[in-house]
Amino acid sequence: MTPGNRKVAVVGVALSDCGRADDATPYALHAQAARRALADAGLGREVVDGFASAGLGTLAPVEVAEYLGLRPTWVDSTSVGGSTWEVMAAHAADAIAGGHANAVLLVYGSTARADIRAGRRTGNLSFGSRGPLQFEVPYGHTLIAKYAMAARRHMIEHGTTIEQLAEVAVQARANAALNPEAMFRDPITVDDVLSGPVIADPFTKLHCCIRSDGGAAVLLAAEELVRDCRTAPVWVLGTGEHVSHAAMSEWPDFTTGPAAVSGRLAFERAGVRPQEIDFAEIYDAFTYMTLVTLEDLGFCGKGEGGAFVEKGRLLVRGGELPVNTDGGGLSAQHPGMRGLFLLVEAVRQLRGEGGERQVWARGRAGELPRLGVASGTGGWFCSSGTVVLGRG
């Protein structure tokens, strides 16, 4: 194929051990996920000539590549929070299409939970106090407070209720109940969510993501390599990325996130409409993120997210648009920058590897989904990356 015209597929995906990994190091989780992803693809590490990672080491991803025994000729260390991995996937797809790499491995691993339990670190209240953030940190404006303030603005402007936000957590847990790898699987109710301890008004504990250990890996490859793989390819159809703001004072509208731009670009480049998507994997550090991203991606109108998430629309079983089919960061796992886990789950669904949580094509019971979307959000709605994926 002429460079620039090559199709790009995801050919291998995997998770490391997740949930509770008290005896593992982050490097070990990176390596475990990478080995499993290569085995999933049926390829050896010698084919990997591109590598992307962030969040570990002084010279990420140089240290991680060395640990894995890789010497890539294309590398990416983009770090934009939770959307890092969708943005990296976009960069990798462009590099492969353009002939700058043939197979790019994306890897992440974190022992965030284990480190806190062992006293190796503490919980982060903010990302620092330099640059634009110096004008917010002295006033106690923590990370979660930024999300809570945005959620409250949506409630004021659009009449969104706390019960509707709680529905997001309840349905995520119902999906997690079907996932044997999920950290929390016991059912919860709206009352359970509302009666929990307040973390940052209006969020109670169950409005917030869990803290876990875990890693993930995704291998993207040029179409020429697909025939050598043991798995069916999942094609990268379109991508989009966008950065919005750093300081909350520079965010024009708390009720619109950066996925409004990255999603539009991804759908346009894929040549599909949101109404054609069979399922969505959405970054959900907090319930509000799911709700507003559904609006931003065009699954419902602005201000209609509260009504949209009602009546079980997000459920794997019987939902109009299954969302976070593995249980998401609210129930399955959330070891930090969770965006790579969204891509892993999306690929598994398109391959028909969801097991009890397998979703089906819209309006075609028993037929595997044709299109899925993974949309990651970073910082406090500071950045977004969206990837549209499709079955061959």
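Since we're looking at a predicted model, the values are computed, not measured. Start at 1 with the first residue, then count along the sequence.
- Using a 4.5 Å heavy-atom threshold, the side chains of Leu330 and Arg173 count as separate.
- With values rounded to the nearest 0.5 angstrom, Leu342 atom CG is found 8.0 Å from Ser375 atom OG.
- In this structure the side chain of Leu38 reaches within 4.5 angstrom of the side chain of Val48, judged on heavy atoms.
- Between the side chains of Thr293 and Asp296, no donor-acceptor pair of N or O atoms lies under 3.5 Å.
- In this structure, Phe267 and Val388 have side chains that are in contact, with non-hydrogen atoms separated by less than 4.5 Å.
- Looking only at atom types and distance, the side chain of His207 has a donor-acceptor partner in the side chain of Thr287 under 3.5 Å away.
- Evaluation of the side-chain contact (heavy atoms from CB on, under 4.5 Å) rule for Arg351 yields Val13, Asp40, Thr231, Val234, Val347, Glu353 as partners, not counting sequence neighbours.
- In the model, Asp191 has no side-chain atom that pairs as donor or acceptor with a side-chain atom of Thr189 under 3.5 Å.
- Taking the six-membered ring where tryptophan is involved, the planes of His334 and Tyr283 are perpendicular, since the angle between them exceeds 60° and thus also 30°.
- Under the 4.0 Å criterion applied to side-chain N and carboxylate O atoms, Lys7 and Glu223 are not assigned as salt-bridge partners.
- Between the side chains of His158 and Glu304, no donor-acceptor pair is found at a separation under 3.5 Å.
- Residues Asn102 and Arg6 have side chains that bring a donor and an acceptor to within less than 3.5 angstrom of each other.
- Side chains of Val387 and Leu389 form a contact here, defined as non-hydrogen atoms less than 4.5 Å apart.
- Looking at heavy atoms from C-beta onward, Thr386 lies in side-chain contact with Val373 at the 4.5 angstrom threshold.
- Taking the six-membered ring where the residue is Trp, the centroids of His30 and Tyr67 are separated by 6.0 Å or more.
- Under the side-chain contact (heavy atoms from CB on, under 4.5 Å) criterion, Phe254 pairs with Met149, Ala150, Arg153, Met248, Trp251, sequence neighbours left out.
- Between Leu321 and Arg313, the closest side-chain pair of non-hydrogen atoms is not below 4.5 Å.
- Between Trp85 and Tyr108, the ring centre distance stays below 6.0 Å.
- Residues Trp360 and Leu178 are members of separate hydrophobic clusters, defined by side-chain heavy-atom contacts under 4.5 angstrom among Ile, Leu, Val, Met, Phe, Trp and Tyr.
- Between Phe203 and Phe286, the gap from one ring centroid to the other is short of 6.0 Å.
- Looking at Leu294 and Val323, their side chains come closer than 4.5 Å, going by heavy atoms from C-beta outward.
- Counted by atom type alone, Thr325 and Glu281 present one or more donor-acceptor pairs between their side chains at under 3.5 Å.
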